[in-house]
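Encoded as structure tokens, the structure appears first; notes follow it.
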Amino acid sequence: MPKSKRDKRISLTNTKKKGLELKQKLIQEIQESVDKFSRIFLFSVDNMRNVKLKEVRDRWRHSRFFFGKNKVMSVALGRTPEDEYRENLHELSKKLMGNVGLLFTNEKKDDVIRYL
């Protein structure tokens with residue numbers, strides 16, 4: 001039997017797609033944070049509740065957290081030595097897999113490791 005012309009799926013959602021502008025904004029913010037902060041930490045989050053995440057953000061108000069698409073964050077840091085934003089950042093972008101985030105801070109390494 002031929003397919004009916006009336007049988008069409010119509011999306012009734014009013015949400016807008018996150019386009020290229022949002023991704024470019026995230027790339028720009030990450031690169032500005034590389035310039036602003038002296039240290040970058042990569043951390044994984046498994047089963048972290050919103051309340052706990054809010055506490056961490058309040059405690060580290062002077063720092064910057066990034067959770068987002070790993071591919072977009074790796075593009076911001078640079079995937080290869082030729083297109084990396086700063087020296088050796090392509091090594092960090094290789095490790096962006098799974099539920100991970102970036103912490104940009106000026107705090108000492110020992111303080112960050114002790115807290116996280």
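FYI, the numbering just counts along the sequence from 1.
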Would you please name every residue forming a side chain to side chain donor-acceptor pair (under 3.5 Å) with N70, sequence neighbours left out? none

Any salt bridge (charged side-chain N to carboxylate O under 4.0 Å, His left out) pairs touching residues 99-109, not counting sequence neighbours? none

CA sep, side-chain torsions, deciding dist, call: E55, K52, side-chain contact (heavy atoms from CB on, under 4.5 Å): CA-CA 5 Å; E55 290 173 10; K52 178 67 175 168; 4.0 Å; yes

Not counting sequence neighbours, which residues clear ring pair (Phe, Tyr, Trp, His ring centres under 6.0 Å) with F37? List them please. none

Cluster question for you: counting only ILVMFWY and a side-chain heavy-atom cut-off of under 4.5 Å, with indirect links fine, are F66 and F41 together? no

So, using side chain to side chain contact (heavy atoms under 4.5 Å, CB included) as the criterion, who are the partners of R61 when residues are at least two apart? D58

To the nearest 0.5 angstrom, please state how far the CG atom of L96 sits from the NZ atom of K69. 13.5 Å

Would you indicate whether the side-chain heavy atoms of L53 and F65 approach each other to under 4.5 Å? no

CE on M97 to CG on L42, rounded to 0.5 Å: 10.5 Å

Verify same cluster id: I27, L22 (apolar side-chain graph, 4.5 Å): no

So salt bridge (charged side-chain N to carboxylate O under 4.0 Å, His left out) across residues 28-45, not counting sequence neighbours, yields E29-R64, D35-R86

Here the side chain to side chain donor-acceptor pair (under 3.5 Å) pairs for residues 90-106, sequence neighbours left out, are S38-N106, S63-T105, E84-H90

For I40, which residues count as a side chain to side chain contact (heavy atoms under 4.5 Å, CB included) partner, sequence neighbours excluded? V34, L89, L92, L102, F104

Are the side chains of Y85 and I30 in touch, meaning some heavy atoms are under 4.5 Å apart? no

For E21, the side chain to side chain donor-acceptor pair (under 3.5 Å) test, sequence neighbours excluded, returns none

For F67 and V100 the tightest heavy-atom approach is CD2-O, 4.1 Å

